[in-house]
Every structure is written in structure tokens, then in C-alpha cells.
Asks: 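Sending over a structure as C-alpha cells; questions will come in a sec.
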Amino acid sequence: MYDLIIMGGGPAGYLSAERAGALGKSVLLVEASDNLGGVCLNEGCIPTKTLLNGAKLYAHAKDSEKYGVTASQVGYDLAKAMGWKNRVITTLRKGIDYQMRQHNVEVIRGERARLVSRNTVRAGGSDHEGANILVATGGSTTVPPIPGIDGTNVVTSRELLQIDSLPESLAIIGGGYIGMEFASYFSALGVSVTVVEMMEEIIPFMDPSLSSMLRKQLKGVTYELGATVERIEGSTLTYSRNGETHSIDAELILASVGRRPNVADMGFEEAGLDVDRSGVNVNERMETNLPGVYAAGDVTGKSLLAHAAYRMGEVAVSAMFADGERMRYQAIPWVVYTAPEVAGCGFTAAEAEERGIAVETAELPMRVNGRFLAEHGDERGVCKVVVDAKSRALLGVHMLGTGSSEIIYGAAAMIEAELRVQDIKQVVFPHPTVSEMIRDTLWQLE
Ligand SMILES: Cc1cc2nc3c(=O)[nH]c(=O)nc-3n(C[C@H](O)[C@H](O)[C@H](O)COP(=O)(O)OP(=O)(O)OC[C@H]3O[C@@H](n4cnc5c(N)ncnc54)[C@H](O)[C@@H]3O)c2cc1C
């Protein structure tokens, strides 16, 4: 009998294994594929950010003259970029394998796990007993039921990360964060990109003013907003808007309309696990309806981000073996790693007001920041803060501009700690850094 059996070796699964192993618990981790790391490491966060960094370097090099750097033959070699991406993935996979060994985690690879009962997981033809079970089977790309979507030039993010030549043109169905990161990458390399989005604005969870500001800064990207894709015929994509039909041609079409939890064919229904379309239902301790069975990560449908998956896994392990922490979603930061990047944490003003909270807001353009101006002269950006008008506690920070991704954790810490404006004003930020934007924007409040 293991202390814990984990189904799925993505961020939720492998970090939970590590945490439980560190507590001296016996852990069995079952991963369906040959590699640990899940979507994030193998076909998500890490490969996209590795490629995006190359495209950012390329764009910087081409734009370096005003900084006094003359680069006459700037080029981009896709094969080398893919090679570097693969090396990064391999190195990080080894790191996870090392952590599993360090924490005495037993790993079964290449076998799909099946939940047989609240104490039993079937994998590799054998039944394994566990005092606790963690379901961490993650999620997959949703392929919308559009006629022609199975055409040879239609790809998902997984295939797009493996291409061996750049297309001349790319149409992206879906202007969510994944679609926009690819739009940023390919447009930076000179590919003509069209984003076709059903909503009236890209990345709907973002403060709308940041979305439109981001859109305007991505050069070489055309937007068809409020547009519903009707069909794909070869390289022609047809969409409708306000009753009118339009077509565009693209060498490659990316389907990027969302993700769904992996819950099918794993014995969940037969075992009596409470699952619906959004995923496995859990409470704030990541407990499911079956005693001893927990779920964490994308499979819960709660917050489809790797760092949220990590934290959910930690909360589950804590609920199993320690005092039991509670999962809080309010201060989970998000980042869109476009160039420029966008990051946010907590409520936008509209979200707070929907909840009946009276807010005060302030904003400052990034160009007032010395470090930002020095390093990103032509870029436009903004920092917005949202504060509870009554308690003066910080409720949200939303930033557009290079550097935001490395800073936003600070906002998460402040929101988690329920710091008020007067508390944050007493914190000293390093100068010159882009992080000062948060402090300076708060000083704009009355
Ligand atoms: C293109 C792209 C870019 C992304 N970029 C970011 C980013 O920058 N930042 C961010 O935070 N998030 C990003 N994400 C989302 C992130 O990848 C996920 O939120 C994260 O991987 C979720 O972790 P998880 O452990 O819940 O699930 P997964 O990573 O999906 O891992 C689940 C694992 O379970 C395995 N599995 C499934 N079924 C079984 C079974 N029956 N038995 C055994 N194993 C099974 C799978 O093979 C997989 O390895 C991105 C996603 C994509 C697609």
C-alpha cells in the first residue's frame, strides 16, 4: 500500500510527488507518456517561451541601431531555434527525473492509469493500492467542430512547435493567450499572421484597454474580431461576421480555441468520481467526492496554468499528510508572453465592481520609468492598480510592457498578504527597475 498514487506526471503530478516524497511518504507516479513534465514542459510553457525568446532577440537585434549597436546580418535559423528548444526540454526532463529519484518516487512510464476504486489504480496490467490517490491527468487542446478542421494544413499548438520551415502566412483561430503568443512569435519572424476571434476583443480575461494596446503593438498581425469560423477548405478559411461571409487564405492554420480536462476512459465514472464538463470537482482542499481521492491541475478546470497546478498539488499533499492548507485562486498571477508581454494579478476594476466592491484605480504609462525607457524606447506600456476604496487593500495589478512577467509575483505577494496602499508605500523597491511602476502607480492614488 503506497501512501500516495498519482495519475499523471505533469506539473501537478510531479510536484506533488516531490512534496510527498520530501515528507518521507511512499509515492507511485504513473505517467501515460514516456516523459514527465506534462504539457507544460513538453509542448506548452517551456517550448513556447524558449522559441519566443529567440524571436524577441531577433527583433531586438534588428532594432538595435538606436542603442548604438550595429548588426548588419541579422537572421533567424528555425532549425537551430528548434534544436535549442529541444535541448532545454531534455535538460528540464532530466531535472524532474533527478527530483523523483531524490525523493524516492517510484515512476511507471508509458502506461495509462485507471481509477478502479478510491484506493486502487490500475496501470501496466497490475492493480496498485494507495491510501491516497491524486488525479492529475491534465488537459488537452479542444478541436472545434468546424468542417474541414481535419485538413492537412490545420495544426494545434503541439504540431506548430515541431515545424521545420516557417510558413509565409498563418491564420490563428482563437485570440486567447496561446493564440496570441504564437501570433507574436510568427509575426516577429516576418510571417503574415491573421487572428480570427469570435469575441470582440482578444484575451477576454484581460483588462480590455490592455488587450487593445497589445493588439496595436503586434506588428504584422491582422485581426478579425467578432468573427465565427464557418469552414476550412484547403488553405481557405471562411468566417462570418454580422451576417456577412468573408474568406482568407493562409499556408498554415492554427486551431487554438481552448483546452478541456482529460477525464475520459480513466474509470472515473465507474469509480463514482464526481466529474462534469469542466473537470473533476474538488473543494478548497482539492478533495473530490471520494474520500482519499484528490485532484489537482488542469483536470479540475479551475485555473489552467502550470503554477496554479503546482499550488493545487501542494494543497492536496498538505490536506493528505499535514494540517491542510486551503487553495486560494484570488492572487494567481497570469502572464501573456507576447512582445511586449502582459501580466496581471487579482481583480480588474470591472471584476471588483461586479462583486460589489467600490474601488479606486490609478494608472501610469511605462515610459515614465527610467529603466523601461532606457531598454524599450519605442514600446508602449501601462501599469494599472485597483484598490479597495474602503480598506485601501490592493486588489489588482495589471501591466503591459516588457519585464512585467518577472515583476507580477510581487503583486501576488502583496494581494495575498492583504497589504494596503499605506503599507506598500513603505516598501523600498530597487531603482532603476521596472518593478517601481507598481509603487509609483499606487502613489497616484489620492
Ligand atoms: C501552448 C501552451 C502554452 C502554455 N504556456 C503556459 C505558460 O506559459 N504558463 C503557464 O502557467 N501555463 C501554460 N500552459 C498551460 C500549462 O501547460 C498547463 O496549465 C499545465 O501543464 C497543467 O499541468 P497539469 O499537471 O495539470 O497537466 P498536464 O501538464 O496536462 O499533465 C498531465 C499529464 O498526465 C498524463 N496523463 C493523462 N492521462 C493519464 C492517465 N490516464 N494515466 C497516466 N498519465 C496520464 C499526461 O500524459 C500528462 O503528462 C500552456 C499550455 C499550452 C498548450
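Order of appearance sets the numbers: ligands from 1, and atoms from 1 within every ligand.
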Asks: Mind checking what residues have non-hydrogen atoms under 4.0 angstrom from ligand 1?
Replies: Gly8, Gly9, Gly10, Pro11, Ala12, Val30, Glu31, Ala32, Gly38, Val39, Cys40, Glu43, Gly44, Cys45, Thr48, Lys49, Glu111, Arg112, Ala113, Ala136, Thr137, Gly138, Gly139, Ser157, Tyr177, Ile178, Arg259, Met266, Gly297, Asp298, Leu304, Leu305, Ala306, His307, Ala309, Tyr337

Asks: Between side-chain atoms of residues 5-18 and protein atoms elsewhere (two or more places apart, or another chain), which donor-acceptor pairs fall under 3.5 Å?
Replies:
from  : atom 1 : to     : atom 2 : distance (Å)
Tyr14 : OH     : Tyr310 : OH     : 2.8
Ser16 : OG     : Ala12  : O      : 2.5

Asks: Report the residues that fulfil disulfide (SG to SG under 2.5 Å) with Cys345, sequence neighbours left out, ordered by chain and then residue number.
Replies: none

Asks: If we count only N and O atoms by modelled type, under 3.5 Å, do the side chains of Glu375 and Thr402 hold a donor and an acceptor together?
Replies: no

Asks: Could you tell me whether the side chains of Thr156 and Glu159 share a donor-acceptor contact shorter than 3.5 Å?
Replies: yes

Asks: Determine whether the side chains of Glu129 and Thr120 contain a donor N or O and an acceptor N or O closer than 3.5 Å.
Replies: yes

Asks: I need the full list of ring pair (Phe, Tyr, Trp, His ring centres under 6.0 Å) pairs touching residues 315-347, with sequence neighbours left out, sorted by first then second residue.
Replies: Phe205-Trp334

